[in-house]
Amino acid sequence: MEIITAVRGFKDIIPPETDKWRHIEETAYRVFGAFGFREIRVPLLEKTELFCRGIGETTDIVEKEMYTFFDRGEESLTLRPEATASVIRAYLEHTIHAAETVTRLFTIGPMFRRERPQKGRYRQFHQIDAEILGPDDPRTDAELILMLIHFLDKLGLAKLNLEINSLGCAKCRPAFREAIVSFLGGRVEELCGDCQRRLGTNPLRVFDCKVDKCGEIISRAPRLMDFICQDCRDHFEKVQGCLSLFEVPYRLNAKMVRGLDYYTRTTFEVTTEFLGAQNAVVGGGRYDHLVRDLGGPDIPGIGFAIGFERLASLIPDRDQDVSRGPLLFIAALGEKAGERAFMLCNRLRMKGIHVEMDYAGRSLKSQMKRADRLKCAYALILGEREIEENSALLRNMHESAQEEVCLDDLEEIIKKLAR
RNA sequence: GUGGGUGUAGCUCAAAUGGUCAGAGUGCCGGGUUGUGGCCCCGGAGGCUGAGGGUUCAAGUCCCUUCACUCACCCCA
């Protein structure tokens, strides 16, 4: 019979990879906590409408990447393709905004997008998501980015590129968009096929095109910075000023356009050269009217999403040789000793000490080999002779030295070693 | 969704133009004389060569289908 495999694009995270994942998560908890973030856990399944309104009807995500189905033919539900919409839904549903003026939330979990799998791109992937709801002060933007950079730093990832941009606001962006459309409209024929399509859907995306001709054309196009209103300009400058205070290296990227409709003003990305085409590790930005668009008060917000798998792939695998094994291996010889060893082994485990033993009744040599393979610091040899004398041999595996110990004192001795 | 590449033991890989080609290293298990790991030596288990069809006297080796992985496009985390 054939085994059943995981669904295409869905991955198991198995040891020792899970160790790395927990390390990342713990780092996030610690760092985010210090910046005032609290964890929120939201459902993986939401009404489809939430994402249509939140992310934007014309985005690729909504148009063709969502796992959507009808629940018993009644209601259209969707596995979340991103977390922000859900977080805001919960924020509104629990009227958190009424209880406080600044809300900092983060969540870690799986997202689902039905794309063609590729390195760094899976159908179920994970994100670390952080959102600040309430303030629109540029220092908020800066603190969020600072926290992000600090977090990456804590994970030993200093050599990533931070790029920032401002997309303007509802007041100034439409004019810019219009200018771009009319500029490109006059050169439709020169654009590549993709860009001709983008012109209708998301004209700003043309800035991102990798085709040489398009790049050449777009380099002469109107620039957002010339259209941006004074408020947005001030905001953006303050964000940059704050980043400079901390000497955070960043690059202005006027061509950076984000894929979700809701972004306003500050947007940012963290990229790396080590991931091939999927080079974005983090994406984020301000969304000043998303809360309103989802039916709530007009509360501004800003957030980011870290691609967990992409982040993890940048962190070298922790060397298994360096990670330490069990403290103790109990090698038992004979039935009586085996019974005694079983008791001892599990009692010590209940004290929180990692102890291993073998039930197969193998030779001492074989058990010692096992202790060595497992990288145990100590081995306890418990044979017929020792049982008779109420003793055991405690062997230090690193120093290859052993001593006889009294069985009655054993637990105490081991507990001391555990410290 | 589009285009290219790959798919042989747990892992990394070999098998000229189809004909003992089903292998090596590593890992795993055991042994090298009485109850002691690491190095060394010896032995063993483990693959219907991703799956399903087809061509052929004969197929990992050719053809088709399918699945998976992979790279790029699209897009994004």
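When reading the values below, keep in mind they use all heavy atoms of this one structure, side chains included, and skip hydrogens, waters and symmetry mates. A note on names: the letters A, B, ... follow the listed sequences, proteins ahead of strands, and every chain is numbered from 1. Just so it is clear, the structure is predicted and the values come from calculations on it, not from any experiment.
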Phosphate OP1/OP2 of B/U36: any A/R395 side-chain N/O under 4.0 Å: no

Examine B/G30: is either OP1 or OP2 under 4.0 Å from a nitrogen or oxygen in the side chain of A/R362? Give yes or no. yes

Could you please name the partner base of B/G60, counting Watson-Crick and G-U wobble pairs only when both distances are under 3.5 Å? none

Which nucleotide in B/C75, B/U2, B/C69 has an atom nearest any side-chain atom of A/E65: B/C75

Any donor-acceptor pair under 3.5 Å between the side chain of A/K365 and the base of B/G32? yes

Going by modelled atom types, is there a donor-acceptor pair between the base of B/G35 and the side chain of A/Q367 at under 3.5 Å? no

Contact under 4.0 Å: A/R121 side-chain N or O vs B/C71 OP1/OP2: no

Starting from C1' on B/G37, measure out to CG on A/D358 and report it in whole angstrom. 14 Å

B/A77 C1' sits how many Å from A/D129 CG, rounded? 10 Å

Phosphate OP1/OP2 of B/A72 contacted by A/Q118 side-chain N/O (<4.0 Å): yes

Salt bridge or not between A/R347 and A/E411? Use side-chain N to carboxylate O under 4.0 Å. yes

Ring centroid separation A/F125 to A/F112 under 6.0 Å: no

Nearest-angstrom distance from the residue atom CE of A/M368 to P of B/G38: 10 Å

Report yes if the distance between the aromatic ring centroids of A/F106 and A/F32 is under 6.0 Å, otherwise no. yes

Suppose you measure atom C1' in B/U12 against the same atom in B/G27; what distance do you get, rounded to whole Å? 11 Å

B/U66 pairs with which nucleotide, Watson-Crick or G-U wobble, both distances below 3.5 Å? B/G50

Roughly how many Å apart are B/G19 and B/G31, using the C1' atom of each and rounding to a whole number? 39 Å

For A/H97 together with A/Y91, are the ring centres under 6.0 Å from each other? yes

Under-4.0 Å side-chain N/O to phosphate OP1/OP2 contact, A/R373 with B/C29: yes

Provide the Watson-Crick or G-U wobble partner of B/G10, both distances under 3.5 Å; none if there is no partner. B/U26

Taking the six-membered ring for Trp, are A/Y250 and A/F268 ring centroids under 6.0 Å apart? no

Indicate yes or no: does A/D293 engage A/R53 in a salt bridge with an N to O separation below 4.0 Å. no

In whole Å, measure the gap between the C1' atoms of B/C21 and B/G54 for me. 23 Å

Taking any heavy-atom pair under 4.0 Å as a contact, classify A/R8: base, sugar-phosphate, or nothing. sugar-phosphate

Could you tell me the separation between the CE atom of A/M397 and the P atom of B/C39, rounded to a whole number of Å? 12 Å

When all nucleic acid strands are considered with a 4.0 Å heavy-atom cut-off, which category describes A/I128: base, sugar-phosphate, or nothing? nothing

Is A/S366 side chain donor-acceptor paired with the B/G37 base, going by distance under 3.5 Å alone? no

Touch check for A/A305, heavy atoms < 4.0 angstrom, all strands: base, sugar-phosphate only, or nothing? sugar-phosphate

How would you label the glycosidic angle of B/G23: syn (within 90° of 0) or anti? anti

Sticking with atom P, work out how far B/G60 lies from B/G50, rounded to a whole angstrom. 10 Å

Taking only the side-chain nitrogens and oxygens of A/K375, find out if one of them lies under 4.0 Å from OP1 or OP2 of B/G38. no

Taking the nucleotide of RNA chain B with the nearest heavy atom to each, does A/G9 or A/L364 sit closer to the 5' end? A/L364

Using 30° and 60° as the class boundaries, would you call the ring planes of A/W21 and A/F308 parallel, tilted or perpendicular? parallel

Short N-O contact, A/R251 and A/E163, less than 4.0 angstrom: yes

Whether the side chain of A/R370 and the base of B/G37 hold a donor-acceptor pair under 3.5 Å is what I'd like checked. no

Measure CE/A/M357 against P/B/G37 and give the value in whole Å, please. 19 Å

Spacing of the P atoms in B/U61 and B/U55 (rounded, Å): 15 Å

Is A/Q124 touching bases, backbone alone, or none of the nucleic acid, heavy atoms closer than 4.0 Å? nothing

What is the distance from CZ of A/R385 to C1' of B/U36, rounded to the nearest Å? 11 Å

Using the C1' atom on both, measure B/A14 against B/A9 and round to a whole Å. 13 Å

Counting side-chain heavy atoms from C-beta on, which of B/A77, B/G3, B/U36 comes nearest to A/E115? B/A77

Do A/Q402 side-chain and B/U36 base share a donor-acceptor contact under 3.5 Å? yes

Quick one: label A/L333 by what it contacts on the DNA or RNA (base, sugar-phosphate, nothing), any heavy atom closer than 4.0 Å. base

Taking B/U2, B/C74, B/A77 as options, the one with an atom nearest any side-chain atom of A/Q127 is B/A77

B/A77 pyrimidine/purine six-ring stacking with A/F308, under 5.5 Å and 30°: no

What I want to find out is whether A/E49 reaches A/R89 closely enough, with some N-O distance under 4.0 Å, to be called a salt bridge. no

Pull up the glycosidic torsion of B/A14 and say syn or anti, syn being anything within 90° of 0. anti

Is there a Watson-Crick or G-U wobble partner for B/G1 with both distances under 3.5 Å, and if so, which one is it? B/C73

Using a 4.0 Å heavy-atom cut-off, does A/Y122 contact any base of the nucleic acid, only the sugar-phosphate backbone, or nothing at all? base

If the P atom of B/U66 is compared with that of B/G18, how far apart are they to the nearest Å? 26 Å

Could you tell me whether the phosphate oxygens of B/U36, OP1 or OP2, come under 4.0 Å of any side-chain nitrogen or oxygen in A/S363? no

Closest nucleotide among B/C69, B/G38, B/G1 to the A/K369 side chain: B/G38

For nucleotides B/C67 and B/C11, find the distance between their P atoms and express it as a whole number of Å. 23 Å

